[in-house]
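Working notes for the structure below.
Chain letters run A, B, ... following the sequence lines, proteins first, then strands; residues in each count from 1.
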Amino acid sequence: MTVVTRFPPSPTGYLHIGSARTALFNWLYARHCGGKFLLRIEDTDRKRSTQEAVGAIIEGLKWLELGWDGEAVFQSRNAARHAAVAAALLAKGRAYRCYCTPEELTEMREQARREGKPTLYDGRWRDRDPSEAPAGVAPVVRIKMPRDGKTTIADLVQGEVTVGNEQLDDFILLRADGTPTYMLSVVVDDHDMGVTHIIRGDDHLNNAFRQYYLFAAMDWPIPAFGHIPLIHGADGQKLSKRHGALGVEAYRDMGYLPEAMRNYLLRLGWSHGDAEIVSTQQAIEWFDVAAIGRSPARFDLAKLESVNAHYMQASANARLVELVLPFIEKRQGEPVGSDGRARLLAGMDGLKPRAKSLAELAGNALFYVSRPQHPLTNAKAAAMLADDAPQRLSEAAGALAAADWKAASLENAVRAYAEAHGVGLGKVAQPLRAALTGSNASPGIFEVMEVLGKAETIARIQAVPGVTAHA
RNA sequence: GUCCCCUUCGUCUAGUGGCCUAGGACGCUGGCCUCUCACGCCGGAAACAGGGGUUCGAGUCCCCUAGGGGACGCCA
């Protein structure tokens, strides 16, 4: 049997982080089994679905590099088919028309709650003769669910879950206006698309029991279910926009790499022994729904950053330059020239172990594309330029001018200068750092000089107020 | 209110009755390295929610309590 999984977002917003993980798991499982991963846009709620949301979701999946097989299915286009299935169920006697008004249903629920009973539809039209139908009320179509006994689902993640059938009411298949409900649409589409494994958030666990009987009523094979726990915010509460339930594009814009995002999301709920850094290839090989944990996980930005830092260090310098460019250009408001790009590439080895995100990398790399402006805004760096620093810089510039322009020889020159004047290396290196980078923290200063080149280095030193032209 | 699910360091987790004086990772922290900041390396603090069973033996199995989450729509 070929495994077929699907990801069915409703296009009412961006692709948020929990959905992204669900998509990842479905994608991994399909790839692991050599099966298919399908995308279905559940746009049956015409009022809330938007074209922008469809675009955002597709962009999000593409960014995460979770490719789907075949064309995306738009659920709204299958409405006629869904209605036909409801009609078939009606003809088979597995469904019936219900003439209750919304007000009547509300009253029914309120009373049930008052009496401490489950707030479910009581089946009052299940066996009533259609001739009793009130005039002027358009009926809905409801499925006939079993009235007693219990139902057990062997969930791939949760294990065996049993519920009393009295908890399952005759839910609506077709609304009064003839349009299908979610419950009908998913089942019909999952069947028609040949879905074999439904892996989704455990907020759908209850729905599985209802859908189970809908498949059964049509004599369709019942797919396997795997309900994964939801992701919570750092405070343990439901993930909301305040703490992490951002669209994946927000994480992209914060400067996280897609492979880091995948690795982080993978470890949120799934594990393989002590493995932390798991390549996508390795994940496909190892992934198993049974290894997904059953308790909800909290979203932890610090860990994401750490994983991201790992993948940044593993990235090729040229790729990092391309990825960081937009961040730098956004910060300085103008394009980076070819000199700047060349410096970024040459300096990347020193830059990348110092950043956990592309945004941070951009901030640290700014000095390579534009000169520090005096007076420096960085107070600590400004302090390094005080007192006798200008004199040291003037003299050091002289020592530098004679050196071969390589980090090692530049270092030798500065060390020799410091020794000759009886000062620590830091006394010279720190003013140089402030002069060249405008900051008190940077890659190794001799590496910086090499990358900047002789002319630029000397120019930046001479730009420091109080430094006398020497070289 | 009814039903379902969950509960190991702050966080993500390993653990499937003895290998656990509970392991790893992030974070925190002490140190080393050092031109700064990182990286890296070495070390530390830090958890089986509580209570009953079952068993020679329980983090691992059962029950109860507490806490957390989810679902109860003519939304998806």
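- Taking the nucleotide of RNA chain B with the nearest heavy atom to each of A:Ala112 and A:Ala176, the more 5' of the two is matched to A:Ala112.
- Note that A:Arg40 lies outside the cation-pi zone of A:Phe7, set by a 6.0 Å cut-off to the ring centre and a 45° limit from the axis.
- Between the side chain of A:Arg433 and the base of B:C35, a donor-acceptor pair under 3.5 Å is found.
- No hydrogens or angles considered: a donor-acceptor pair under 3.5 Å links the side chains of A:Thr151 and A:Tyr213.
- Among the protein residues, A:Arg298 comes within range of the sugar-phosphate backbone only, with heavy atoms under 4.0 Å from sugar or phosphate atoms but none that close to a base.
- Within 4.0 Å of A:His272, counting heavy atoms only, lies no atom of the nucleic acid at all.
- Using N1 to N3 plus N6-O4 or O6-N4 for Watson-Crick, or N1-O2 and O6-N3 for G-U wobble, each under 3.5 Å, B:C26 pairs with B:G10.
- Across all strands shown, A:Asn440 has heavy atoms under 4.0 Å from base atoms, whether or not it also approaches the sugar-phosphate.
- Under 3.5 Å, the side chains of A:Arg114 and A:Gln111 contain no donor-acceptor pair of N or O atoms.
- Checking B:A76 for Watson-Crick or G-U wobble geometry (two distances, each under 3.5 Å) identifies no partner in any strand.
- Base pairing annotation: B:A38 forms no Watson-Crick or G-U wobble pair, as no partner gives both donor-acceptor distances under 3.5 Å.
- Contact annotation for A:Ser185: no contact, since no heavy-atom pair falls under 4.0 Å across all strands.
- Nearest-nucleotide positions on RNA chain B place A:Arg267 closer to the 5' end than the other of A:Arg267 and A:Asp177.
- Ring-plane geometry between A:Tyr264 and A:Phe299 is classed as perpendicular, the angle between the planes exceeding 60 degrees on a 0 to 90 degree scale with a lower cut at 30.
- Contact annotation for A:Val140: base contact, defined as any heavy-atom pair under 4.0 Å involving a base atom.
- Scanning atom types as modelled, no donor and acceptor separated by under 3.5 angstrom connect the side chain of A:Asp202 and the base of B:G70.
- In this model, a side-chain donor or acceptor of A:Thr119 finds a partner on the base of B:C72 within 3.5 Å.
- Contact annotation for A:Arg109: backbone-only contact, meaning every heavy-atom pair under 4.0 Å involves sugar-phosphate atoms and none involves a base.
- Nucleotide B:U2: paired with B:A71 (Watson-Crick or G-U wobble, both distances less than 3.5 Å).
- Within the 4.0 angstrom heavy-atom criterion, no nucleotide atom of any strand lies near A:Phe209.
- Within the 4.0 angstrom heavy-atom criterion, base atoms lie near A:Asn207.
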